[in-house]
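Read the numbers this way: they start at 1 and go in the same order the structure lists the ligands and their atoms.
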Amino acid sequence: VFSSRIQPGQQANRLSQAVDRLRRAGRPILNLAQSNPTACGLQPDGLLASLQDPAIGRYEADCRGAWRSRLALAGRLGCDPERLFLTASTSEAYSWLFKLLCDPGDAVLVPKPGYPLFDYLAGLENVEARPYRLEYRHPQGWQIDTDQLTAAAAQPRVKAIVLIHPNNPTGSFVSQAERDFILYLASRHGLAIIADEVFLAYPLETREAPLSFATAESGLVFSLNGLSKLLCLPQLKLGWIQLAGDPAVVAEALPRLELIADTYLSVGAAPMHALPQLLPQVEAFTSGLRQRLQANLATVRRIFDQAGSPFRLLRCEGGWTALLEVPRYLPEEELALALLEQAGLLVHPGYFFDCERDGLLALSLIVPPDEFAAGCQRLRAWFDDHGRE
Ligand SMILES: Cc1ncc(COP(=O)(O)O)c(C=O)c1O
């Protein structure tokens with residue numbers, strides 16, 4: 001009866017099973033993997049007031065999203081409001097773009113390590129998410145394996161290159177040189193570029209000033225962003241797609257995307273009309289959160305990354321996650337389970353994100369700094385104890 005897109009109920013992984021068990025037993029857990037900003041005390045001012053706009057009472061079916069909301073957004077982004085589509089989330093934006101670009105059985109190239117939702121987002125559209133490698137060199141940081149990407153882009157049925165700029169969890173931006181190369185590669189094979197820029201406002205240890213792909217003037221480029229990271233409002237459900245590239249190709253894409261958007265009309269009036277009131281806060285809000293991210297990154301460095309330390313903090317150019325290389329006393333999954341059971345600490349192991357190397361832990365930098373520092377100290381103490389055994 002059921003579609004092959006969805007495999008029969010997958011079991012929760014061992015780590016989430018253990019978390020459930022400990023929570024039911026009333027054991028406190030310090031969550032160093034907390035990526036939900038609403039659980040970290042992060043919220044822009046005036047949220048409730050922004051949801052009181054009288055326009056919320058009217059239903060106006062504009063498939064790209066309310067004009068004045070797009071106008072406000074276009075003013076911020078410096079683009080034509082006609083090139084913007086509001087969506088219910090960035091995840092939904094992906095599903096629209098996969099529908100726009102791919103037939104069943106087509107493929108999109110996605111970075112690895114990367115954000116685990118892609119297999120599902122693509123799979124639900126009958127599209128294959130094919131990984132391309134990012135490799136790490138210390139202390140320079142992550143870079144795209146361009147030989148491998150070149151070979152992957154030439155394969156049949158590939159329709160788009162997905163770039164996460166900066167990537168989650170590696171924190172790496174696409175460099176200027178990589179950007180030029182990828183724009184060339186995409187034009188050579190007629191591929192679209194989907195640039196997920198949800199963390200663009202959070203540069204940390206960057207090599208170059210971050211530049212949005214929405215400035216591209218060739219090919220077909222979709223830049224994605226939304227309120228869930230920009231203003232820490234995942235519960236509001238508002239994202240957007242900005243089209244860029246060759247105007248002739250963009251003009252062909254617009255009516256097609258309109259048809260998809262018109263079929264769903266999924267954006268709620270409340271977040272859509274709140275947008276013009278919320279946008280003026282972006283600078284102050286993101287700069288406040290950047291300070292928290294910087295402070296937490298400095299804490300990791302202070303506690304783990306001194307000369308001669310068996311730990312290593314990987315270069316974190318931006319975003320909300322730090323990757324910490326730890327001594328390999330145990331395989332990653334066993335390590336995460338031991339930290340949970342013995343130290344009451346929840347951390348995500350690197351294999352959750354398809355990291356090639358073993359012994360990486362992903363720490364969420366949005367955790368309140370006091371809690372984050374306490375968690376890091378406890379993590380260090382656990383390793384110091386086990387190193388002595
Ligand atoms: C890189 C990246 N893109 C998109 C999303 C999802 O964003 P949204 O809440 O707008 O669907 C996430 C969420 O963690 C993410 O890490």
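- Nearest to atom 10 (O) of ligand 1 by heavy-atom distance, out of Thr90, Leu236, Leu117, is Thr90.
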* To do: Walk me through it: do Phe311 and Phe383 pass the test ring pair (Phe, Tyr, Trp, His ring centres under 6.0 Å)?
  => CA-CA 10 Å; Phe311 298 86; Phe383 277 98; 5.3 Å; yes

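- The Val198 neighbourhood of ligand 1 comprises atoms 1 (C), 2 (C), 3 (N), with distances under 4.0 Å to a heavy atom of that residue.
- By the 4.0 Å N-to-carboxylate-O rule, Glu208 lies too far from Arg179 to be salt-bridged with it.
- The closest approach between Lys237 and ligand 1 stays at or above 4.0 Å for every heavy atom of the residue.
- Taking the six-membered ring for Trp and the full ring otherwise, His165 and Phe173 have centroids separated by under 6.0 Å.
- Annotation for ligand 1: atoms under 4.0 Å from non-hydrogen atoms of Ile164 are 1 (C).
- A donor-acceptor pair under 3.5 Å is formed between the side chain of Ser50 and the backbone N or O of Leu47.
- Nearest non-hydrogen protein atom to atom 16 (O) of ligand 1 is Asn168 ND2, 2.8 Å.
- Considering only non-hydrogen protein atoms, atom 11 (O) of ligand 1 sits nearest to Ser91 OG, 2.6 Å.
- Salt bridge annotation for Arg14-Glu334: present, with a cationic side-chain nitrogen under 4.0 angstrom from a carboxylate oxygen.
- Taking the six-membered ring where tryptophan is involved, the planes of Phe118 and Tyr115 are perpendicular, since the angle between them exceeds 60° and thus also 30°.
- A salt bridge links Arg64 with Glu82: the closest approach of a Lys/Arg side-chain nitrogen to an acidic carboxylate oxygen falls below 4.0 angstrom.
- For atom 4 (C) of ligand 1, the nearest protein heavy atom (residue, atom name, distance) is Asp196 OD2, 3.5 Å.
- Closest protein heavy atom to atom 14 (O) of ligand 1: Lys229 NZ, 3.0 Å.
- Of all the listed residues (Tyr94, Tyr115, Trp240), Tyr115 holds the heavy atom that lies closest to atom 5 (C) of ligand 1.
- Ring-centre distance between Trp320 and Phe199: below the 6.0 Å cut-off.
- Heavy-atom separations between Gly226 and ligand 1 are all 4.0 Å or longer.
- Scanning the protein for heavy atoms near atom 9 (O) of ligand 1, the closest one is Ser228 OG, 3.0 Å.
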